[in-house]
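One structure is given here, and the rest of the page talks about it.
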Amino acid sequence: MVAVAVSPVVSVGFARFHPNLLVGGTYSGQVILWDNRSHRRTPVQRSPLSAAAHTHPVYCVNVVGTQNANNLITVSTDGRMCSWSLDMLSQPQESMELVYNKSKPVAGHPGPVTGISCHNAVGPVDFSHLFATSSFDWTVKLWSTKHNRPLYSFEDNADYVYDVMWSPVPTASVTVEGASALNRVRWSSAGKRLPSATRKAAFGSTTPGRL
């Protein structure tokens, strides 16, 4: 499947609990929704370009909740986090301004952080306190919520690292490196497919074995 958007796609993900839906965030600030049951390559829903929604690039999209009660959460560089109903993207249900707390300094990336991913894989050992970050400083860092310093820094990359994502199964992770058009990836819930977003406003998916 290849889907397109008017504005470059900077974040994308499968809509949890809705196997036919794909959600994306764009550079223009729009939140968009594709339905793979539709023959259209363009979004079936999109948020308005207005002050009531996001006005800057939307770099995080995630569906949270339960099967019977869930919402789409989006975060943008406009400093706002919004909660949406997937049935109606005409306006957010809730909006919150994010405020940075300077009281706890953290030693981390010297360059802009481009991606963050929490460890959600279920296993005999609880790794839910772990998360990974990617950055324009060419590194990926492993963190724990129990510490304010990285546990490990992966420094074998040769270019900007645009994104990082833990696999839903405990055997893999994926990063996006380099100055090509590919800049966002997400795993499917089974850990078998990778939807990817590009700066050319196109969306596609592949399997890890074909990377």
Side-chain angles (χ1 to χ4, degrees), residues 1-101 112-118 120 131 133-136 162-165 176 181-189 194-205:
M1 174 186 176
V2 176
V4 298
V6 174
S7 177
V9 179
V10 295
S11 60
V12 68
F14 290 102
R16 190 181 179 192
F17 312 115
H18 306 273
N20 297 304
L21 302 181
L22 305 165
V23 293
T26 68
Y27 188 82
S28 68
Q30 278 190 309
V31 179
I32 50 183
L33 180 72
W34 295 280
D35 190 332
N36 62 16
R37 295 167 296 187
S38 171
H39 297 295
R40 297 168 50 186
R41 300 176 64 189
T42 54
V44 295
Q45 280 199 74
R46 67 191 72 198
S47 66
L49 289 171
S50 72
H54 292 299
T55 56
H56 286 68
V58 179
Y59 281 108
C60 179
V61 293
N62 196 16
V63 176
V64 300
T66 66
Q67 181 70 49
N68 297 322
N70 51 79
N71 293 89
L72 170 64
I73 304 298
T74 59
V75 180
S76 167
T77 52
D78 59 11
R80 182 180 298 170
M81 179 175 68
C82 293
S83 174
W84 311 78
S85 167
L86 289 173
D87 296 326
M88 185 180 67
L89 295 183
S90 58
Q91 64 179 16
Q93 292 183 320
E94 293 184 69
S95 180
M96 178 186 298
E97 296 292 333
L98 302 177
V99 179
Y100 175 61
N101 184 356
V113 175
T114 56
I116 182 170
S117 177
C118 298
N120 295 318
F131 64 99
T133 56
S134 58
S135 171
F136 280 174
Y162 286 96
D163 202 11
V164 61
M165 178 57 58
V176 178
L182 180 66
N183 58 18
R184 290 287 157 180
V185 293
R186 291 293 183 269
W187 289 92
S188 67
S189 57
L194 291 163
S196 56
T198 78
R199 285 180 287 181
K200 294 182 180 179
F203 170 90
S205 65

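When atom types are taken as modelled, the side chain of Ser7 and the backbone of Ser28 share a donor-acceptor pair closer than 3.5 angstrom. Although no hydrogens or angles enter the test, the distance criterion places a donor-acceptor pair under 3.5 Å between the side chain of Gln45 and the main chain of Leu86. No side-chain donor-acceptor contact under 3.5 Å links Ser83 to the backbone of Gln93. At distances below 3.5 Å, at least one donor-acceptor pair connects side-chain atoms of Ser76 with backbone N or O atoms of Pro57. No donor-acceptor pair closer than 3.5 Å links the side chain of Trp84 to the backbone N or O of Ser90.
Considering Val31, Asn62, Val64 in turn, Val31 is the only one that fulfils the side-chain contact (heavy atoms from CB on, under 4.5 Å) rule with Leu72.
Heavy atoms only, all atoms of each residue included: Ala5 and Ile32 are closest at CB-CD1, 3.6 Å. Between Val10 and Tyr59, the shortest heavy-atom contact is CB-CE2, 3.6 Å. Residues Leu89 and Pro48 come closest through the heavy atom pair O-CD, 3.4 Å. Summarising the geometry of Leu49 relative to Gln30, their closest heavy-atom pair is CD2-CG, 3.4 Å, with the distance given to 0.1 Å. Across all non-hydrogen atoms, the minimal contact from Ala53 to Asp78 is O-OD2, 4.2 Å. Taking each heavy atom of Ser47 and Gly29 in turn, the nearest pair found is OG-O, 4.2 Å.
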side-chain contact (heavy atoms from CB on, under 4.5 Å) between Thr26 and Arg46, intermediate numbers included: CA-CA 10 Å; Thr26 68; Arg46 67 191 72 198; over 6 Å; no
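In this structure, OG1 in Thr74 is found 2.5 Å from NE2 in His54, a value given to the nearest 0.5 Å. Atoms CG and CG, from Leu33 and Leu21 in turn, are 5.0 Å apart once rounded to the nearest 0.5 Å. Rounded to the nearest 0.5 angstrom, Trp34 CH2 and Thr42 OG1 are separated by 10.0 Å. Considering OG1 of Thr66 and CZ of Arg16, their distance stands at 9.0 Å, rounded to 0.5 Å. Going from atom OG of Ser85 over to atom CD of Glu94 covers 12.0 Å, rounded to the nearest 0.5 Å.
The environment of Tyr27 atom OH is sparse: at most 12 non-hydrogen atoms of other residues, nucleotides or ligands sit within 6.0 angstrom.
Looking at Asn70 and His18, their side chains come closer than 4.5 Å, going by heavy atoms from C-beta outward.
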